[in-house]
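I have placed the structure first, in the form of structure tokens, so that the comments after it can refer back to it.
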Amino acid sequence: MDFLFPQFLYGLFALSIPIIIHLFHFRKVKKVYFSNTRFLRKVKEASQSRKKLKHYLILASRLLFLFFLVMVFVQPVINKQEAGLDGKQVSIYLDNSMSMGNEIANDTRALDEAIRYAQEILDFYPVGTRFRLLTNSFAPFSNAEKSKAEIEEHLTELQLTGITRSFTEIEQRMLQSGGSTESSATGKELFWISDFQKSTGGNLADLAYDTLHRYHWIPLSFSNDINIYVDSVYLDNPLMINKKKSSLKVVLSNDSDKEVSSLGVKAFINDIQSATTTIDIPAKGKTEATFDLAFGLKKINRCKIGFEDFPVTFDNEFYLSIDLSERISILEVKHREANNALGNVYGNKELFNFNSVFADNLNYSQIKNADLLIINGLEHMDPSLNIALNEYLQNFGSLAIIPSARAEAEAYQALIPQRITLPEASKEPQELAAPDLRNPFFENVFENTNENFSMPSAGRRLAWGRDRQALLQFKNGMPYLSSFKKGGNVFLFASPLEDEYTSLHRHAIFVPIMYRIAVSSSKKQKALYHTLDEQNLTLRMDSISKNDIFKLVREQEEVVPEQRVLGNRLIIGLPKHTLSAGFYQLSQRDNLFGELAFNNEKKESLLAQHELSVLETAAQGKTNVQVFATEDAVAFKRVIKERYEGTPLWRYALILALLFLFVEVLLARFLK
């Protein structure tokens with residue numbers, strides 16, 4: 001048994017008061033003289049015995065009344081399992097990720113119940129205790145200790161966020177003292193209220209479990225594990241040629257063990273419903289939905305995918321932006337005898353801004369503005385051109401090299417990280433192998449994925465050893481078209497585009513390959529969507545200055561993110577605690593540079609949790625880690641008091657004190 005206020009035990013000295021009264025008051029004897037005492041003797045003895053019994057009973061009831069009255073103030077407790085909580089440093093982590101919008105028992109939202117848990121923790125500590133409240137945003141509010149009233153006010157404003165945090169991130173942040181990077185030297189009470197999601201949290205074994213601090217895990221178990229979410233979205237025709245049919249492919253995933261039937265999925269373009277479909281998704285499986293895009297889209301188009309899935313609703317809408325505002329800029333630097341094969345491929349002015357110049361007429365200032373630079377048939381490279389091309393690659397430009405029939409290997413060596421040689425019998429034609437359609441380079445390039453189609457043949461003017469990642473290979477395994485990384489991408493062909501060396505430029509596969517090279521090289525090509533968990537966004541732009549200030553605009557909201565300019569790239573640091581899923585315009589002053597679509601990280605849609613048994617196993621053998629397996633905040637309040645305060649007995653002491661006071665009154669009044 002423990003006492004919460006042992007100083008009141010001095011009150012037991014009050015028990016001496018009834019004893020003193022008994023000794024000096026009840027022992028007084030008054031003599032009464034009678035003429036004949038023979039008949040009074042027995043009556044007198046009997047009366048004194050009864051009086052002694054009455055006095056002792058009254059004395060006992062008074063002593064017990066005073067004893068239990070003192071116990072009311074001492075507040076004894078029993079069954080105390082742990083040492084009491086230290087109220088000096090209390091940190092509370094409250095998980096407000098999107099998955100906390102799921103329901104737990106009694107159809108209660110997990111976030112709402114977590115707030116009740118936090119309130120019970122605040123009430124558990126005495127007035128004057130300072131707290132730190134940490135949420136997924138890691139906002140500046142959590143950097144300093146706050147009063148109970150300030151924390152309670154912040155809890156009323158707490159909302160779900162698309163930001164996810166791993167267990168190690170949370171632990172490191174909780175151990176920081178006042179926002180510094182160093183851990184506090186004194187022990188902390190760390191309350192951890194979370195759904196302990198597997199996909200975002202990671203492995204519990206990765207935690208440090210600093211023995212200087214005490215961990216209190218409060219898991220919230222979902223009552224529902226069914227959730228549908230958008231796994232990925234892509235365009236079957238990424239170039240989005242106007243007046244050409246294109247489709248939007250949406251892959252939806254089912255995270256539960258139950259099949260979902262007849263799920264209605266809608267597609268909205270520029271706030272207008274453009275298509276709808278119904279799909280079935282197998283348990284733990286995926287299904288692809290296809291939506292045909294309308295002709296005549298705007299330059300910048302807002303697209304949204306929507307469906308009904310309850311109770312997890314945060315991922316029922318998916319946002320993407322289709323930008324058709326820019327053409328791909330291509331510059332061909334060629335020999336005067338080179339053919340016009342590339343001009344025929346890139347002649348679509350709706351897609352490409354194609355310029356072809358002879359090497360001796362090249363203005364080097366044109367190079368930096370090209371999305372794709374093609375060296376076609378040059379016999380040798382001037383040192384100044386080599387310097388300009390290497391600088392272009394260092395600024396993440398894309399370069400394609402088509403060799404000359406008379407060029408030596410050394411002409412291109414400065415641009416290629418691989419050693420180049422001249423093979424024997426270079427003009428002898430060999431058939432090319434069918435492309436590996438599993439290579440991401442060929443993703444969505446061919447409508448028919450049958451690999452048994454005829455391929456062109458080619459001789460080799462250049463060789464660079466074996467390349468298992470080659471985009472095109474001969475049937476003997478030697479590479480014909482490879483991609484190298486040298487700052488930007490370098491695409492190298494093994495032969496000139498001349499009839500005596502190859503028939504590739506006359507084959508149907510030539511156009512999609514060159515289109516794919518152009519698309520992958522586009523500096524202005526913007527991703528269809530981004531996730532809120534991305535650290536930085538890198539956007540390629542022309543005519544960008546280091547003094548330009550860009551901002552993200554959404555309705556009446558304006559955000560100026562961290563940004564820096566590196567060459568022709570704008571690098572934006574995402575302010576996670578500010579952004580939410582939806583559309584944001586990227587602008588500089590009154591100039592609109594595009595529209596960005598943000599979505600929640602899809603890992604958040606995976607609702608699998610670390611089960612209670614897993615948490616208890618992780619805490620096993622660690623005296624500073626406790627797991628609270630409670631159904632609701634009311635049960636948590638009872639459990640935490642029993643664990644750290646024990647079962648309080650002061651109520652029973654008060655009842656007994658009143659009982660013995662009542663007994664004393666009865667004895668004095670009715671016992672003759």
Side-chain angles (χ1 to χ4, degrees), residues 81-87 89-106 108-125 129 131-136 142 148 151-152 154-155 158 160-161 164-175 187-198 200-202 204 207-210 213-223 607-620 622-645:
Q81 302 176 20
E82 300 289 339
L85 295 177
D86 181 7
Q89 295 196 40
V90 182
S91 294
I92 303 173
Y93 165 67
L94 197 154
D95 185 359
N96 64 330
S97 60
M98 284 297 180
S99 61
M100 291 288 284
N102 196 7
E103 291 183 351
I104 60 174
N106 303 323
T108 303
R109 194 173 64 153
L111 179 64
D112 297 333
E113 191 66 22
I115 293 174
R116 296 190 188 100
Y117 277 106
Q119 185 63 61
E120 294 297 342
I121 295 171
L122 297 176
D123 293 340
F124 182 77
Y125 285 92
T129 304
F131 303 89
R132 285 182 62 203
L133 177 64
L134 179 67
T135 59
N136 283 35
S142 65
K148 176 182 176 181
I151 298 293
E152 288 177 333
H154 190 70
L155 288 175
L158 198 60
L160 296 171
T161 177
T164 60
R165 299 292 182 184
S166 66
F167 295 149
T168 53
E169 285 181 301
I170 297 166
E171 181 187 41
Q172 291 171 2
R173 187 74 175 196
M174 292 183 77
L175 295 182
K188 294 175 178 287
E189 302 291 348
L190 309 177
F191 289 92
W192 197 315
I193 311 172
S194 172
D195 55 15
F196 288 91
Q197 200 172 356
K198 290 182 180 180
T200 59
L204 291 168
L207 295 176
Y209 299 107
D210 191 338
H213 313 285
R214 291 204 295 182
Y215 298 72
H216 311 280
W217 289 344
I218 308 171
L220 298 168
S221 299
F222 297 145
S223 59
L607 300 181
Q609 301 174 270
H610 286 290
E611 298 177 354
L612 181 61
S613 58
V614 175
L615 296 178
E616 291 175 341
T617 301
Q620 191 173 4
K622 301 178 180 65
T623 57
N624 63 324
V625 181
Q626 298 295 330
V627 181
F628 290 88
T630 55
E631 297 179 355
D632 52 38
V634 176
F636 169 73
K637 179 179 180 180
R638 182 180 66 254
V639 170
I640 194 173
K641 285 183 175 292
E642 290 178 355
R643 178 170 295 181
Y644 297 111
E645 290 186 351

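Put simply, the side chain of Ser223 gets close to the backbone of Glu103: a donor and an acceptor are under 3.5 Å apart. The closest donor-acceptor contact from the side chain of Tyr215 to the backbone of Val627 lies at 3.5 Å or more, if one exists at all. The closest donor-acceptor contact from the side chain of Asn102 to the backbone of Ala110 lies at 3.5 Å or more, if one exists at all.
Each of Phe196, Phe167, Trp217, Trp192 was scored for a ring-ring contact (aromatic ring centres under 6.0 Å, His included) with His610, with one residue passing: Phe167.
Side-chain contact annotation: Asp195 with Ser99, donor-acceptor N/O pair under 3.5 Å present.
Heavy-atom contacts from other residues, nucleotides or ligands closer than 6.0 Å to CD of Glu169 number more than 12. Shown here is Glu616, whose CD atom has more than 12 heavy atoms of other residues, nucleotides or ligands within 6.0 Å.
Side-chain contact between Leu204 and Tyr209 is present, with heavy atoms from C-beta onward closer than 4.5 Å. Ile92 is listed as a side-chain neighbour of Leu122, based on a closest heavy-atom distance under 4.5 Å. Side-chain contact between Met174 and His213: absent, with no pair of heavy atoms (C-beta onward) separated by less than 4.5 Å. For the pair Lys198 and Val614, the minimum side-chain heavy-atom distance is 4.5 Å or more. Counting heavy atoms from C-beta on, the side chains of Met100 and Leu220 come closer than 4.5 Å.
Residues Ser97 and Leu160 approach most closely at O-CD2, 3.3 Å, considering heavy atoms. Minimum heavy-atom separation, Ala635 to Asp632: N-OD1, 2.8 Å. The nearest pair of heavy atoms linking Leu612 to Ala629 is CD2-CB, 3.4 Å. Of all the heavy atoms in Glu171 and Ala208, the pair that sits closest is OE1-N, 2.9 Å. In this structure, Ile193 and Ala118 approach most closely via the heavy-atom pair CD1-N, 3.8 Å.
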As a quick check of understanding, evaluate side-chain contact (heavy atoms from CB on, under 4.5 Å) for Ser142 and Arg173, giving each step before the final call. CA-CA 9 Å; Ser142 65; Arg173 187 74 175 196; 4.0 Å; yes
Between Leu94 and Leu111, does the side-chain contact (heavy atoms from CB on, under 4.5 Å) criterion hold? Intermediate values first, please. CA-CA 8 Å; Leu94 197 154; Leu111 179 64; 3.6 Å; yes
Evaluation steps, side-chain contact (heavy atoms from CB on, under 4.5 Å), between His216 and Glu189: CA-CA 8 Å; His216 311 280; Glu189 302 291 348; 2.7 Å; yes
For a side-chain contact (heavy atoms from CB on, under 4.5 Å) check, start with the C-alpha distance between Leu175 and Leu190, then their side-chain angles and the critical distance, and finish with the verdict. CA-CA 8 Å; Leu175 295 182; Leu190 309 177; 3.5 Å; yes
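Centroid-to-centroid, the aromatic rings of Phe131 and His154 stay 6.0 Å apart or farther.
Listed by first and then second residue, the salt bridge (Lys or Arg N to Asp or Glu O under 4.0 Å) pairs that reach into residues 114-125 are Glu113-Arg116, Asp123-Lys148, sequence neighbours excluded.
To the nearest 0.5 Å, atom CG of residue Asp95 and atom CD1 of residue Ile170 are 6.5 Å apart. Considering NZ of Lys637 and OH of Tyr117, their distance stands at 13.5 Å, rounded to 0.5 Å. Atom CG in Leu133 sits 5.0 Å away from atom CD1 in Ile151 (nearest 0.5 Å). Expressed to the nearest 0.5 Å, how far OG of Ser194 lies from CD of Gln609 amounts to 8.5 Å. Note that CD1 of Ile640 is 6.0 Å distant from CD1 of Ile121, once rounded to the nearest 0.5 Å. With rounding to the nearest 0.5 angstrom, the CZ atom of Arg132 is 13.5 Å from the OH atom of Tyr93.
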